[in-house]
Peer 1: 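Just passing along the structure, written as structure tokens.
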Number of protein chains: 2
Amino acid sequence: MHRTPITLDDVAARAGVSPKTVSRVLNNEPNVRNTTRDAVLAAALELGYRPNRAARTLAGSRSFLIGHLHGRADRDYILSVNEGIHTACFQHGYVLLPEPLLDYNEGFVRRLQQFLQTAPVDGVVLTPPLTDHDPLLAFLAARNIPIVSISPEKVRKSIASVYIDEKEAAIAMTQHLISLGHKKIGFISGPKDHGASHLRTEGFYEQILKSGLKREACPQAQGDFKLKSGAIAANEMLETHPDITAIFAANDAMAAGAMTSAFKRGLSVPEDISIAGFDASPLGEALWPALTTIKQPVNRMAMAASLWLISGALARTEQPLRERFDFELLVRASTAPSREN
Amino acid sequence: MHRTPITLDDVAARAGVSPKTVSRVLNNEPNVRNTTRDAVLAAALELGYRPNRAARTLAGSRSFLIGHLHGRADRDYILSVNEGIHTACFQHGYVLLPEPLLDYNEGFVRRLQQFLQTAPVDGVVLTPPLTDHDPLLAFLAARNIPIVSISPEKVRKSIASVYIDEKEAAIAMTQHLISLGHKKIGFISGPKDHGASHLRTEGFYEQILKSGLKREACPQAQGDFKLKSGAIAANEMLETHPDITAIFAANDAMAAGAMTSAFKRGLSVPEDISIAGFDASPLGEALWPALTTIKQPVNRMAMAASLWLISGALARTEQPLRERFDFELLVRASTAPSREN
DNA sequence: CTGAAAGCGCTTACAG
DNA sequence: CTGAAAGCGCTTACAG
């Protein structure tokens with residue numbers, strides 16, 4: 001497995017210093033003369049030295065492991081987050097450990113305990129819905145495990161997080177539709193208990209009213225983020241409000257369902273009706289026409305979250321770290337000027 | 001992080017034996033008296049002992065790490081494989097490391113080298129398309145890294161693999177459609193260079209001929225496994241062969257595309273036309289009507305693959321391990337008796 | 001069948 | 001600013 005097992009001692013010998021000094025340089029500790037530091041770095045580079053993670057873990061207090069605890073979420077989303085964390089870890093000699101925590105009740109404690117025992121992570125990234133699982137947060141806090149949440153539903157004073165402004169994003173999409181001349185727009189909302197879904201709904205109606213459109217002309221239907229619920233919601237909506245010229249769904253899957261219903265009713269997209277989603281899922285990209293949607297920089301958000309963990313920034317600050325990321329309005333083929341124009 | 005850092009020495013003291021004996025028991029080594037073994041096991045259990053992975057790795061020759069090298073494949077598939085490997089690892093104190101290898105050319109060597117240096121895995125699970133990436137296989141073989149491939153396109157004499165009989169699965173689906181009275185069935189095949197796609201096509205036409213149906217009545221169109229290609233293929237097919245009553249696509253995404261085209265043409269599914277897919281993707285389940293498809297036991301296949309790695313079965317045998325898994329025909333709402341019946 | 005000694009490759013105190 | 005010693009918790013030879 002190891003071709004040339006170069007150790008820290010080899011580097012020390014090569015650089016003409018003690019092992020301890022090499023260790024200092026590698027860990028960016030202070031109190032090393034610059035010339036010494038350079039000599040060590042040069043020696044390490046020449047030898048192609050790579051620190052042994054197991055040895056560092058055993059001797060020290062870090063494991064160089066970052067966990068991603070996730071529940072039952074969109075699988076593409078989970079994988080995207082994994083990729084972002086992985087990128088950050090890879091660059092810093094850390095390793096990503098994805099850990100599904102599907103039992104939200106009793107089982108999660110035993111499972112988490114076993115996970116932490118075989119893999120004592122230096123920190124965890126949390127994604128919804130685990131970002132808002134109070135017993136889990138308490139469990140981690142009790143063990144002093146650093147946490148960064150991605151897009152938590154509720155803001156918690158003590159937990160670092162990265163997020164986008166969901167409401168502003170919904171407003172941007174609504175404005176996009178309005179600027180295309182749409183005046184009667186249906187909205188398909190997500191699950192009631194989903195915080196982001198709430199904010200999206202809020203943003204939609206806020207912009208509708210702000211633009212002087214009539215609220216009654218813009219029906220709302222409730223979905224559950226799944227494709228089928230979007231199809232059903234759109235179908236009912238087109239039945240009761242046949243004059244709507246656009247539908248905005250709170251996620252891509254429901255938008256895809258809405259598209260299906262439009263097709264079934266003989267409507268063309270976007271000629272007869274514009275359809276917009278939210279989340280920039282691969283599904284929305286694969287659709288035909290491709291879905292206009294909102295894109296979160298999931299990768300960059302996940303990278304930022306894990307970098308806080310890796311750099312120890314989290315441990316250093318008193319006030320909880322928090323960073324807002326910009327969303328992106330992806331205008332694709334599923335939205336076009338209103339047929340009423 | 002550690003609440004009660006119970007060590008092997010603690011267990012030894014409690015059981016009244018030497019640390020070496022505890023080590024023997026934990027590693028299932030021979031030459032331990034049964035009473036001794038039981039005493040050690042009891043002591044370990046009472047103390048809630050968990051071996052320290054870092055220490056075992058540093059002292060021994062195992063890392064307790066299993067890698068999943070994957071390329072650009074269906075993301076749901078990747079995640080399902082991860083889950084299967086994770087389950088097996090979790091039960092045996094191993095850890096899963098997913099490693100995306102997206103650069104199939106020069107870059108993969110450097111990347112893989114860095115990966116193996118920070119994470120010297122005890123073995124890797126390969127999924128398509130990496131299962132058939134010769135330079136990668138050579139690289140791994142040169143370093144004596146145990147490999148298990150899941151559904152490789154080509155069977156390689158020296159590499160262990162798990163798979164399903166793709167051709168038989170296609171035959172089963174074809175027979176399902178024929179038994180519903182369909183006599184004119186279109187087939188949408190996958191990418192030319194995809195081995196499994198070939199086998200599915202082969203199975204389809206073999207069963208068509210075997211059942212006495214006319215080959216000319218069963219058009220074939222080429223897709224690329226993406227939704228849009230299925231939509232285009234189906235659209236052309238319905239143009240040139242308006243009398244077909246069923247479409248069988250070589251994967252779910254293309255079947256979803258075909259469904260879209262059917263809707264756009266005012267056809268009902270399954271009343272006017274039956275549509276079948278392959279792979280049991282979440283997309284196919286979400287569709288409305290839900291897609292009849294072929295399900296591979298991806299989870300079990302991934303578990304089996306990683307267990308070979310974990311148990312060391314791979315190192316012990318001379319002849320390459322190989323196991324065929326049974327597929328499942330999932331009859332859902334998208335297929336029904338032919339309208340010609 | 002069992003154990004005492006040495007060592008894996010680092011970091012932690014501690015000393016200077 | 002730098003280093004010598006001890007130790008992290010296991011497994012590897014080796015001995016008996």
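Below, read A as the first sequence line, B as the second, and so on, with proteins coming before strands; counting in each chain starts at 1.
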Peer 1: R324(A) vs D326(A), test: side-chain contact (heavy atoms from CB on, under 4.5 Å). Steps then yes/no.
Peer 2: CA-CA 7 Å; R324(A) 184 170 58 74; D326(A) 290 330; 3.6 Å; yes

Peer 1: Separation of D9(B) atom CG from dA5(C) atom P, in whole Å?
Peer 2: 14 Å

Peer 1: Mind checking T57(A) for me? I need base, sugar-phosphate or nothing, with any heavy atom below 4.0 Å counting as a touch.
Peer 2: nothing

Peer 1: Counting only side-chain heavy atoms from C-beta out, which of dG3(C), dC10(D), dC10(C) sits nearest to V17(B)?
Peer 2: dG3(C)

Peer 1: Parallel, tilted or perpendicular: which fits the ring planes of H68(A) and H70(A), with parallel below 30° and perpendicular above 60°?
Peer 2: tilted

Peer 1: Verify the contact: side-chain N or O of T21(B) to OP1 or OP2 of dT2(C), cut-off strictly under 4.0 Å; return yes or no.
Peer 2: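 No, no such contact exists.
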
Peer 1: With respect to the side chain of N31(A), which nucleotide from dG9(D), dC1(D), dG7(D) is positioned closest?
Peer 2: dC1(D)

Peer 1: When you measure from the side chain of K20(B), which nucleotide among dG3(D), dT11(C), dA13(D) comes out closest?
Peer 2: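 Nearest nucleotide to the side chain: dA13(D).
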
Peer 1: So which nucleotide from dC8(D), dT2(D), dT11(D) ends up closest to the side chain of R33(A)?
Peer 2: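 Nearest to the side chain of R33(A) among the choices is dT2(D).
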
Peer 1: Could you tell me whether E323(B) and R300(B) have a side-chain N and a carboxylate O separated by less than 4.0 Å?
Peer 2: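 Between R300(B) and E323(B) there is no salt bridge, as every charged N stays at least 4.0 Å from the carboxylate O atoms.
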
Peer 1: Select one nucleotide: of dG9(C), dC10(D), dT11(D), the one nearest the side-chain heavy atoms of A59(A).
Peer 2: dG9(C)

Peer 1: Counting only side-chain nitrogens and oxygens, does S18(A) get under 4.0 Å of the OP1 or OP2 atom of dG3(D)?
Peer 2: yes

Peer 1: When you measure from the side chain of S61(B), which nucleotide among dC10(C), dC10(D), dT12(D) comes out closest?
Peer 2: dT12(D)

Peer 1: Starting from the 5' end of DNA chain C, give me the residue, G16(B) or F64(A), whose nearest nucleotide shows up first.
Peer 2: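 The residue whose closest nucleotide sits nearer the 5' end is G16(B).
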
Peer 1: Checking side-chain contact (heavy atoms from CB on, under 4.5 Å) between I310(A) and each of I66(A), I85(A), D122(A), which is the one that passes?
Peer 2: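 Result for side-chain contact (heavy atoms from CB on, under 4.5 Å) with I310(A): I66(A).
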
Peer 1: Taking the nucleotide of DNA chain C with the nearest heavy atom to each, does R24(A) or L8(A) sit closer to the 5' end?
Peer 2: L8(A)

Peer 1: Can you check whether N27(B) has a side-chain N or O nearer than 4.0 Å to OP1 or OP2 of dT11(D)?
Peer 2: yes

Peer 1: Who does dC14(D) pair with, Watson-Crick or G-U, both distances under 3.5 Å?
Peer 2: dG3(C)

